[in-house]
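One structure is given below, encoded as structure tokens.
Quick note: numbers below take in every heavy atom, side chains included, and nothing from hydrogens, waters or symmetry partners. For clarity, every value in this text was computed on a predicted model and none was experimentally measured.
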Amino acid sequence: MCATGPEIRGPRVDLLTAPDCPNAEAARALVAECLAASGLEAAVVERVGRYRSPTILVDGVDVMGTAESVAGAACRLDVPTRERVLAALSAAAVEA
């Protein structure tokens, strides 16, 4: 039987990065800043792999509105912005 951890209320946030992404730390800080500004608690999952990097998903949806996949790790040209992350978090809070 598995023990359950504390219940996390609020949206799920995924930070997807490619190995050695030069924008990963800025994206990590952006997620933390936006969560603090929104007052929401969220489970933040960080994954490193072959992603358009950095990508921020809120409840599985790319905050930049793109769902294109790539064949390998690649830097994004449309890097997530504070406005887009806050808008996604606000929308997720309304849906909850």
Side-chain angles (χ1 to χ4, degrees):
M1 185 168 171
C2 294
T4 59
E7 181 179 344
I8 304 285
R9 294 191 175 139
R12 175 185 164 127
V13 178
D14 293 274
L15 174 59
L16 312 179
T17 60
D20 302 317
C21 174
N23 297 313
E25 186 57 41
R28 193 175 297 114
L30 178 64
V31 168
E33 173 191 326
C34 289
L35 284 171
S38 70
L40 295 173
E41 291 183 33
V44 179
V45 176
E46 192 166 336
R47 293 184 278 167
V48 177
R50 297 173 61 113
Y51 304 110
R52 294 179 68 211
S53 185
T55 293
I56 298 171
L57 307 176
V58 175
D59 288 341
V61 178
D62 188 334
V63 301
M64 296 306 290
T66 55
E68 302 170 23
S69 61
V70 294
C75 287
R76 291 187 76 128
L77 297 178
D78 60 338
V79 179
T81 63
R82 183 178 197 277
E83 293 77 19
R84 291 286 189 111
V85 175
L86 286 172
L89 290 171
S90 294
V94 170
E95 293 174 8

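- Considering only residues two or more places apart in sequence or on other chains, Glu25 meets the side chain to side chain contact (heavy atoms under 4.5 Å, CB included) condition with Arg28.
- Put simply, the residue from Leu57, Leu89, Leu40, Val85 that forms a side chain to side chain contact (heavy atoms under 4.5 Å, CB included) with Val13 is Leu89.
- Residue Ser53 holds its OG atom at 7.5 Å from CG of Leu15, rounded to the nearest 0.5 Å.
- Hydrophobic clustering, with ILVMFWY side chains joined whenever heavy atoms are under 4.5 angstrom apart, keeps Leu16 apart from Val48.
- Listed by chain and residue number, Asp14, Val45, Asp59 satisfy the side chain to side chain contact (heavy atoms under 4.5 Å, CB included) test with Arg12 (two or more places apart in sequence, or in another chain).
- One finds the SG atom of Cys21 at 12.0 Å from the CZ atom of Arg52 (value rounded to the nearest 0.5 Å).
- Looking only at atom types and distance, the side chain of Arg76 has a donor-acceptor partner in the side chain of Thr55 under 3.5 Å away.
- Clustering ILVMFWY residues whenever any of their side-chain heavy atoms sit less than 4.5 angstrom apart, transitively, puts Leu86 in a cluster other than the one holding Leu35.
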Verdict with reasoning, Val44 to Val31, per side chain to side chain contact (heavy atoms under 4.5 Å, CB included): CA-CA 9 Å; Val44 179; Val31 168; 4.2 Å; yes
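- Looking at residues two or more places apart in sequence or on another chain, you find no salt bridge (charged side-chain N to carboxylate O under 4.0 Å, His left out) involving Arg84.
- Here the side chains of Pro54 and Pro80 are in contact, with some heavy-atom distance below 4.5 Å.
- Atom CG of Leu30 is separated from atom OG1 of Thr81 by 7.5 Å, given to the nearest 0.5 angstrom.
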